[in-house]
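Structure, as structure tokens:
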There are 2 protein chains.
Amino acid sequence: MESASTPRSRAREQTMRDIVRIGRQHLASDGAAALSLRAVARDLGLVSSAVYRYVASRDDLLTLLVVDGYDELGDAVDQALAGVEREDHVGRMAAIGRAVRAWGLAEPATYALLFGSPVPGYEAPAEQTTGPGTRVVVRLVEVWEDAWQAGRIGLDDSPLAPRRLTRDLARIRREMGLSAPDALLARGLFAWAALFGCVTWEVFGQYGTATLTDPADLFEQHLDALVEAVGLARA
Amino acid sequence: MESASTPRSRAREQTMRDIVRIGRQHLASDGAAALSLRAVARDLGLVSSAVYRYVASRDDLLTLLVVDGYDELGDAVDQALAGVEREDHVGRMAAIGRAVRAWGLAEPATYALLFGSPVPGYEAPAEQTTGPGTRVVVRLVEVWEDAWQAGRIGLDDSPLAPRRLTRDLARIRREMGLSAPDALLARGLFAWAALFGCVTWEVFGQYGTATLTDPADLFEQHLDALVEAVGLARA
DNA sequence: AAGAAAGCAAGAGCAGTGCTCTCATTCGTC
DNA sequence: GACGAATGAGAGCACTGCTCTTGCTTTCTT
């Protein structure tokens with residue numbers, strides 16, 4: 001019985017929360033590669049070996065932080081969507097985009113952990129991370145599916161997707177219960193990757209020489225392009 | 001006289017090349033964060049301290065590898081462009097995109113070093129990396145500028161860029177000697193970030209659940225969207 | 001040609017890391 | 001109260017980046 005809520009188990013959960021909290025602080029201040037279990041132990045007032053009672057390894061701690069990050073990003077997106085009318089597909093898409101950007105800029109270290117280069121030798125265990133990790137794209141797909149069913153998507157002149165891709169898209173459509181056509185799904189995948197490309201570019205400062213006085217303005221332009229890419233016309 | 005080509009200086013240059021070569025091997029096999037100067041020294045048949053005669057620090061070795069990677073990517077893009085007609089703007093843009101993708105998939109570790117999360121505590125020195133680091137985007141801008149001057153860009157219905165963004169774009173236009181309008185520049189920045197977003201998504205395996213039988217097909221679809229985004233019509 | 005100067009490699013050493021082991025202590029339960 | 005599980009402390013291993021000193025070799029200068 002792991003959820004017996006004995007005094008001890010409650011203390012254990014508190015310690016786990018502390019570990020994640022301190023781990024996030026170190027992640028934010030020093031980055032993922034510099035995340036040290038010993039340093040976390042020091043801040044926790046414990047000796048390093050004691051932390052291994054709670055966390056199996058450094059990679060395990062990373063997994064905790066990954067899940068924590070995905071959840072926080074998902075919450076941010078959901079919160080942003082709460083204030084948008086369900087019929088306002090463009091507004092929903094823009095809200096998702098802005099939420100991702102805002103969260104990425106506010107939490108660059110966690111963003112890097114989730115969407116930057118994978119920590120070498122560390123592979124996020126799928127069973128724990130795929131669920132929270134797909135929250136954003138699921139919200140995006142919901143918007144496109146709604147817009148498609150409402151007849152607000154215009155992708156008539158788009159070429160048919162190739163054979164093999166079509167088969168994969170059919171599987172995706174089946175698994176997610178979608179009615180959107182191949183062209184929209186392909187465009188959706190593009191918009192998804194492109195959105196995170198834009199945010200990553202800004203968070204990691206890849207614009208480099210093009211230091212802009214107001215990156216938010218540029219991002220709004222990017223949102224226009226993203227909305228267009230999936231066949232939605234912006235108001 | 002540093003380029004006197006004495007026997008000693010030639011031996012030194014050879015050792016430097018060896019260090020970069022072995023470093024790239026370790027980067028490819030173990031990733032950036034696991035790159036160890038001691039391990040490089042072992043493979044080189046030297047003691048760790050001796051390597052510090054050639055490389056100031058681990059970060060310095062990273063910088064060498066960053067420059068090396070940018071150059072290799074730039075060469076790959078230039079080589080891909082060599083076989084495309086100058087007037088074939090869509091073909092040039094697609095060639096750049098495919099070259100970036102192919103190189104990223106072939107060298108995921110170096111790609112991660114260049115475009116993934118920045119190594120914490122390490123900041124690539126601008127004076128050494130900005131030059132090679134901008135080769136790809138410069139090639140892209142060349143294509144768009146050529147297409148614009150050839151009257152092949154249609155972005156008439158695009159909204160005007162905001163005030164502050166316009167000022168930045170004017171500066172870019174001046175510095176690079178471009179005649180393309182604001183809308184095209186903004187769309188170009190989007191396409192640039194989106195392209196690397198798509199490649200990053202695929203290299204890092206972020207498509208996750210959407211494991212596709214033929215990712216190249218999907219990338220061709222993405223190329224369509226990228227070409228459209230800058231107002232070029234694909235043949 | 002002889003001596004000075006610079007370059008080079010080795011080794012020891014410091015502080016830090018992840019992780020494992022043993023040992024004592026404390027806590028919850030029967 | 002007694003037993004077993006959970007917890008924390010400490011020592012220790014192998015590894016890391018990096019610095020310093022110590023010799024040796026090559027190169028340049030007088």
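Quick note on labels: first sequence line is chain A, next is B, and so on, each numbered from 1.
- In summary, the side chains of Q221(A) and D217(A) do not present any donor paired with an acceptor at a separation below 3.5 Å, with no hydrogens or angles considered.
- In this structure, I19(B) places its CD1 atom 12 Å from C1' of dC8(C), rounding to the nearest Å.
- Taking the side-chain contact (heavy atoms from CB on, under 4.5 Å) definition, one finds that P108(B) meets it with V203(B), sequence neighbours left out.
- In this structure, the CG atom of L61(A) is 14 Å from the P atom of dT17(C), given to the nearest Å.
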- Message: Show, in sequence, the C-alpha distance, side-chain angles and deciding distance for Q79(B) and D75(B), and conclude whether the side-chain hydrogen bond (donor to acceptor under 3.5 Å, both in side chains) test is met.
- Response: CA-CA 6 Å; Q79(B) 192 176 341; D75(B) 289 346; over 6 Å; no
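- Atom CG of L62(B) and atom C1' of dC18(D) are 15 Å apart (whole Å).
- Taking every side-chain heavy atom of Y54(A) into account, dG8(D) is the closest of dC8(C), dG8(D), dA10(C).
- Shown here is R135(B), whose CZ atom has more than 12 heavy atoms of other residues, nucleotides or ligands within 6.0 Å.
- Atoms CZ (R12(B)) and C1' (dT26(D)) sit 14 Å apart, rounded to a whole Å.
- Rounded to an integer number of Å, the gap from R42(A) CZ to dA9(D) P is 14 Å.
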- Sequence-aligned protein contact record of nucleotides 18-25 of chain C, with B where the base is within under 4.0 Å of a protein heavy atom and S where only the sugar-phosphate is: BBBBB---
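- A parallel orientation is assigned to the rings of F115(B) and W201(A), their planes being inclined by less than 30° (bins at 30° and 60°).
- When every heavy atom of F190(B) is checked against every heavy atom of A229(B), the shortest pair comes out as CE2-CB, 3.9 Å.
- Between H26(B) atom NE2 and dT16(D) atom C1' the separation is 14 Å, expressed in whole Å.
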